[in-house]
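Written below as C-alpha cells is the structure these notes are about.
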Amino acid sequence: MSRHADGLVRAILGPTNTGKTHLAIERMCAHSSGVIGFPLRLLAREVYDRVVALKGESQVALVTGEERIVPPGARYVLCTAESMPVPSRQGDLLPGEPGDLPRDYAFAAIDEAQLGIDPERGHVFTDRMLRARGREETLILGSDTLRPVVRELLPEAEIVSRPRFSTLSYAGSTKLSRLPPRSAIVAFSAEQVYAIAEMLRRFKGGAAVVMGALSPATRNAQVDLFQRGEVDYLVATDAIGMGLNMDVRHVAFAGLSKFDGRRERRLRIAEMAQIAGRAGRHQTDGTFGSLAVGDGGAEFTDEEIANIEAHRFRPIETLFWRNADLDYSDVSALIASLEEKSEDPLLRSAPLAIDLAVLKILAEDPAIAALRGNKARTLWACCGLPDFRKVGATHHARMVRRIYSYIGEGGHIPQDWFAAEVARLDHVMGDIETLADRLAGVRSWAYIAQRSDWLQNPARWAERTREVEARLSDALHAGLTQRFVDRRTAVLVRDIGAHGADALPVTVAADGEVSVGPEPIGHLQGFDFTVDPTARLADKRLLLAAAERRLGKELARRARKLVDAPDTAFQLVEDGDRIGIAWEGQLLAHLAPGRSLLEPAVRTTRALDRLSAPQRAALRGRLERWLETMIERHLSPLKQLGDAASDKKSTPGVRAVAAMLVDAGGLLPRKSLMAAIKALEKSDRTALHKLRVRLGALDVFIATLLKPAAQQWRAALLAVRDDRPMPRLPAPGAALLDGGADEHGAALAFRRVGQKWLRVDMADRLAAHALKARSRHEPDPVDLPLATSLGLDEGAIRKLMADVGFVPSGEAWKWRGHRRRKAQGKQARRQASRPSNAFADALKDLK
C-alpha cells in the first residue's frame, strides 16, 4: 500500500450507488477519532445520526454553517466541506471554518471530491482534497472521473475502484401520465418543477418537491413524503444528484439543458449520470429516460445513453483552486493573495465566488481598503457569510458591511437588531415563494449565531434561529404538500389495482377515521361507513367502492371483537323514540315488543347488513345474551316473580298477584289488586314475601326495583312494550317530586299525593305509621317528623291520609277506612268485569 507522511491516503472512486459513504463511516468508526466533510448540510446530518447510533451522542459532533452540536471531547466530527477543520499554512481559518475544534484526527475523509470542478464551491473541495489528512488514514471519495488528477496531484495515494452495485439502463421516452410509480422527474427551473408537480397532482395524486432553494428540513420532509409512499412521484431540480438516498426506480429528465449562472448549456454526460444514478438502490436495478417531447422533455443521444449505461465519462483534467496562504497586510494584498494563480497546471483559478466578489465591493470604500492585520481577517470572515437569499454580491455586501461595522473593533452584533431581524422572519403565513425566502433569510442569521465571537450569548440565539427555521420548514413543507399532493386521488389511483388489492392496508383511527394506506377516505362508526364529507361528488362513488373492497376484514374483526367483548362494552341507549343497544357509541340494534315484558326482541340495524349472515347471527346472539344478563342483574326479583306466575306449583293466588305485578313492571296500587289480595291465604302471603313482594297499605311493590338502575330498565322495557318513548326518570335518590315530573317516569316508583309525587316506600312508611297509630288509639296518625323531612306540604299530607282512610275533622283525624275499603271493593269488582288479559287469567285460576 502507498504511504503518506500523514498515514495511508486512499482514493475511493466510482459511480453513484457504490456505497462509498457507508465505507467511510465504517472506516472512521474503526479509528480513535475522525472527521468527514460532506457537500450538503442534510447529508452531514444524516450521517451524524448514523454515527451517534454507533458511538453515542457524547462522542460525535455535527458542524455546519447553520448548526453546531459539539459535545466536550467529541472524537468524531461530521461537517460540511466549508466547516471541515483543516489548518492552513499560517494557521488561519478559511471562511466558515470552526475555530474551536481540534485539527488533528486519526481519520479524515472528503466526500464528492469531484465537486472540485464546481464554479462556486470547487476551490473548497480541492483545498480539502489536498490538505485534509488523518494521522492514520485519509479517504478521498468521488467519481471515477477524478482518477487522472488524483494520480497527478497525489501520486502517493492508493486508488481503489468501486463498481456500481446495480445496473442502470435506459428506458426510453415516456409520457408524464404513464410514468411508473417510484419515479423522480428532474427539471431545471422552479417554474418547470411546479408545473410538473401540478400535473402529477391532477392525475396521479401528487408529488413531493425537492429543490436546492429549500431548507434541509423541508427537503428531508418532502423526501420522507416520497419514501413513506404517500406519493409515488418526486419532482426535483438537479439537487437530487447527490446526498439524497431515496428508493427511486426510474429517473425521468424533463430537460437536458440548464442555466449555470452564466449561460444556458446542455448537461455534461457526467452530470446526467450523477442524476440518473439516483435510480436503483444497493443491488436493485434502476432505469432512466426522458419525458416525451410533448411534455417538455428532450431526447438523449445514442452516445450519451451508451456512456451513462457503461459509466464511461470524460476524465476531469483540472480542478478549481484558490490560494489558502493569505496576506493580511491590507485588503488589497488580501485580494491579491486570493487571486494568486497556482503553478500547477492541474489547478486553475476559481471563478469569482460570492465571498471574493463581496470583498472587492467593500474594498471600494477607502476606510475598508485600509484595514490591516486582524481587522482584515475579521472582514474576510464576514465575507464568508453565505448568500442564502441569492440576492447577488452588491446587495449581499450591504449586509456584510453592517455586520463588520459592529464586530470590526472587537464588538458584538446588537442583540436588539438581531432579535428584530429574526422576529421579522418568524411568520408562517404566505405562499410557497414567500416562505422559501424567509427560510433563506433565517439561515443567514443561524449562520451568524454559530459565531461565538460575533454575538453575546450565541447559544441562546442559535436556539432561537433553530426554532424559527423549524417552524418555517414545517410551514413550507405543509404548503408544498397542500399545493402539490391530493392524497385522496393518490389513494384511489392505487386502490383500483396499480399495486394489487393488499398493497395498501386499511387503518381505522380511534375516532373512527378510515384510511386506505396513508389517506383518510371516510369514517367508520361501529359498522356504519360514511364517505368523507369533504370529498368531491365525483370521488364519492370511488371512495365507497374502495371501502367496500377494503373494509370486509376490518368489519369481520370488529364483529369478532364485539362477540368476545365483556358486558361493560354495551350500553342501553335512546335513539329518538326508540330504545337500542350501542357499542362504543354506535347503535347496533333496537328493542322491539317480544313474548313478554322481560323478553323483548332484538332487531339489528342496517349497518350490520355489511356482515355475513353467520357473523350477523353470532352478533345478534351476543346482544340477546347481554340483554338477558342485564335483566337478570337489575330486574332479578321481577324475573323470579314472572317465573312464579308461570309455575304450576304456585298457588292460584300467588300466580294471580305475580302475573299482574310483572305485567305492570313491579308496582301497582293496592286498590287495583284488592280482589286478588282478599283471596290470598296465609301461605300465599308468605310465598309472596319470599319473592320480596311488599303488600303495602297503599301500593304493592318490590323495594329493590326502586333503585335507579332498576327504574331505568323497567322504564325501557315498558316503553318498548307499549311503543312509546323512554320517559324522563327522576334523579337518583329522590324521595319527593314536583307535580311537573314526567308521569310515566314518576309512576315507576312514586305515587301522586296532591301536587307532589312521593316515593312508594316512603308513602308506605307513613301509611303503616298511621294504621299502627289507629290500632293504638293514638289521636294523630301522621308521622310528622318523617313527613316534614320529606318536604310534604299540608295538601300532600291530606291526600296521603285520605288514601289511607283518614279524613280531617277539625284539628283531628277521623277514620273512614271501612267506607274507603267498601268503595275499593266495588271498584275491584268493576275492574273484574273488564279485566286485562293477565287479570282474567288470574280470575280463572281463582275459580
Practice problem: Starting at CG of L619, measure out to OG of S612 and round the result to the nearest 0.5 Å. | Solution: 10.5 Å

Quiz item: Between R483 and A478, is there a donor-acceptor pair closer than 3.5 Å when you use the side chain of the first and the backbone of the second?
Solution: no

Practice problem: Decide yes or no for V782 and L800: does some side-chain heavy atom of the first lie under 4.5 Å from some side-chain heavy atom of the second? | Solution: no

Exercise. Taking atom CG of D564 as the centre, report whether more than 12 heavy atoms of other residues, nucleotides or ligands fall under 6.0 Å from it.
Key: yes

Quiz item: Do the side chains of R721 and D663 get nearer than 4.5 Å, heavy atoms only?
Solution: yes

Quiz item: CD of E681: more than 12 outside heavy atoms within 6.0 angstrom?
Solution: no

Exercise. Can you see which heavy atom on V654 is nearest to which on S650, and at what distance?
Key: CG1-CB, 4.4 Å

Practice problem: For atom CD of Q571, decide whether the heavy atoms of other residues, nucleotides or ligands shown that lie under 6.0 angstrom number more than 12. | Solution: yes

Quiz item: Any idea which heavy atoms bring G665 and R714 closest together, and the distance?
Solution: O-NE, 2.7 Å

Quiz prompt | side-chain contact (heavy atoms from CB on, under 4.5 Å) between L627 and L591, worked out | solution = CA-CA 10 Å; L627 189 60; L591 299 185; 3.9 Å; yes

Quiz item: For L641 and I702, which heavy atoms make the closest approach, and how far apart are they?
Solution: CD2-CD1, 4.0 Å

Exercise. Could you point out which residue of T568, D567, I631, V602 forms a side chain to side chain contact (heavy atoms under 4.5 Å, CB included) with W626?
Key: D567

Self-check item: Beyond-backbone contact of R751 with D803, side-chain heavy atoms, under 4.5 angstrom
Solution: yes

Quiz prompt | Close side-chain approach of L572 to M630, heavy-atom, < 4.5 Å | solution = no

Under 3.5 Å, which donor-acceptor pairs do the side chains of residues 725-745 form with other protein atoms, sequence neighbours left out?
residue: D738; atom: OD1; partner: K756; partner atom: NZ; Å: 3.3
residue: D742; atom: OD1; partner: H744; partner atom: N; Å: 3.0
residue: D742; atom: OD1; partner: G745; partner atom: N; Å: 2.9

Practice problem: Could you tell me whether R182 sits above the aromatic face of F226, with NZ or CZ closer than 6.0 angstrom to the six-membered ring centre and within 45 degrees of the axis? | Solution: yes

Exercise. Take atom CZ of R616 as the centre, draw a 6.0 Å sphere, and report whether it contains more than 12 heavy atoms from other residues, nucleotides or ligands.
Key: yes

Self-check item: Partner set under ring-ring contact (aromatic ring centres under 6.0 Å, His included) for F750, not counting sequence neighbours
Solution: none

Quiz item: Would you call R724-D577 a salt bridge at under 4.0 Å N-O?
Solution: no

Quiz item: Where the side chain of S672 meets the backbone of P669, is there a donor-acceptor pair that is under 3.5 Å apart?
Solution: yes

Exercise. Could you tell me the separation between the CG atom of L225 and the CD atom of Q227, rounded to the nearest 0.5 Å?
Key: 10.5 Å

Quiz prompt | Where L698 and A763 come nearest, the two heavy atoms and their spacing | solution = CD1-O, 4.3 Å

Quiz item: Can you name the nearest heavy-atom pair linking V693 to L661, along with the distance?
Solution: CG1-CD2, 3.9 Å

Quiz item: Charged N to carboxylate O below 4.0 Å: is that the case for E794 and R798?
Solution: yes

Quiz item: What's the spacing between R670 CZ and I677 CD1 if we round to 0.5 Å?
Solution: 4.0 Å

Quiz item: Would you say M801 and W813 make side-chain contact, with heavy atoms under 4.5 Å?
Solution: yes

Practice problem: Salt-bridge test for K799 and D793: reply yes if a basic N is under 4.0 Å from a carboxylate O, no otherwise. | Solution: no

Quiz item: Does the pair R759/D761 count as a salt bridge with the N-to-O cut at 4.0 Å?
Solution: yes

Exercise. Using a strict 4.0 Å threshold on nitrogen-to-oxygen distance, state whether R694 and D764 make a salt bridge.
Key: yes

Quiz prompt | Approximate separation, where rounding is to 0.5 Å, of D609 CG and R606 CZ | solution = 7.0 Å

Quiz prompt | CZ on F701 to CG on L705, rounded to 0.5 Å | solution = 10.5 Å

Quiz item: Regarding E632 and T629, is there a side-chain donor-to-acceptor distance under 3.5 Å anywhere?
Solution: no

Quiz prompt | Nearest-0.5 Å distance that lies between atom CG in L480 and atom CD in Q222 | solution = 4.5 Å

Quiz item: Should we count CZ of R765 as having more than 12 external heavy atoms under 6.0 Å?
Solution: no

Quiz item: Does some side-chain heavy atom of L786 sit less than 4.5 Å from a side-chain heavy atom of L790?
Solution: yes

Quiz item: Which pair of non-hydrogen atoms, one from D684 and one from G653, has the smallest distance, and what is that distance?
Solution: OD2-CA, 4.2 Å

Quiz item: Which residue, T605, T604, D575, forms the side-chain hydrogen bond (donor to acceptor under 3.5 Å, both in side chains) with H590?
Solution: D575

